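Structure, as structure tokens:
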Amino acid sequence: MKVERRGNQIHLHGYVCAAGRDFVETVEPGTFAKALEAAEDVKLTLNHGRELGSTRSNLALAEDAIGLKADAWTDDAEVMRAAERGELRGWSFTFRPRPGGDVWEDGKDGRPAKRSLRDIALDE
């Protein structure tokens, strides 16, 4: 995540998640693009709590060859203070797999070892 102060706003941008690069849970390429096409609105929240905006206002989301990329602007005082203290270090997202949208693979010990996400509803 890159954090830049511009006047009375903070500009947050970077990758929320890199597709095909996680160890236990992998988001397959194309999954985010499909989710964004189906989504009416995706929320921008602080720590999965307070809403700071959405794709209808100050958040742009797009999938590219690396993964889900975000570009957001906010003048929220708490976010600005956290940015100034260097406390904003990453992104997170919430989702729900659509029916048949996730596949689990067992490891050598028979326990689930890998989850592949192929079709999700993106909430925030």
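For the numbers below, each heavy atom of this structure counts, side chains included, while hydrogens, waters and symmetry mates do not. Everything quoted here is computed from the prediction, not taken from an experiment. This chain uses plain numbering: 1 for the first residue, then up along the sequence.
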Is it the case that more than 12 heavy atoms not belonging to [X] sit under 6.0 Å from its [atom1] atom?
X	atom1	answer
Asn47	CG	no
Lys43	NZ	yes
Glu51	CD	yes
Glu40	CD	no

Quick check: closest heavy atoms across [X] and [Y], and the distance to 0.1 Å?
X	Y	answer
Ala72	His11	O-CD2, 3.3 Å
Gly14	Trp91	C-NE1, 4.0 Å
Arg115	Glu25	NH1-OE2, 2.8 Å
Val42	Glu124	CG1-CA, 3.8 Å
Gly90	Met1	O-CE, 3.1 Å
Glu105	Ser116	OE2-OG, 4.2 Å

Check: [Y] main-chain N/O paired with [X] side-chain donor or acceptor under 3.5 Å:
X	Y	value
Glu63	Leu68	no
Lys69	Ala60	no
Asp41	Arg56	yes
Asn58	Trp73	yes
Thr74	Asp76	yes

>> Is there a side-chain contact between Leu122 and Leu36 in this structure, where contact means two heavy atoms from C-beta onward sitting under 4.5 Å apart?
In response: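 Leu122 vs Leu36: side chains touch.
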> Side-chain contact, heavy-atom cut-off 4.5 Å: Leu46 with Glu78?
Replying inline: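 Yes, at least one pair of side-chain atoms sits under 4.5 Å.
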> Can you tell me if Ser92 and His48 form a side-chain donor-acceptor pair at under 3.5 Å?
Replying inline: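 Yes.
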>> So that I can tick it off, tell me whether Arg118 and Asp102 are bridged by a salt bridge, with the cut-off set at under 4.0 angstrom between side-chain N and carboxylate O.
In response: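 Salt bridge absent between Asp102 and Arg118.
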>> Is the distance between the ring centroids of Tyr15 and Phe32 under 6.0 Å?
In response: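 No; Tyr15 has its ring centre 6.0 Å or more from that of Phe32.
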> Excluding sequence neighbours, so at least two apart, what forms salt bridge (charged side-chain N to carboxylate O under 4.0 Å, His left out) with Asp119?
Replying inline: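 Counting only residues at least two positions away or on another chain, Asp119 forms a salt bridge (charged side-chain N to carboxylate O under 4.0 Å, His left out) with Arg98.
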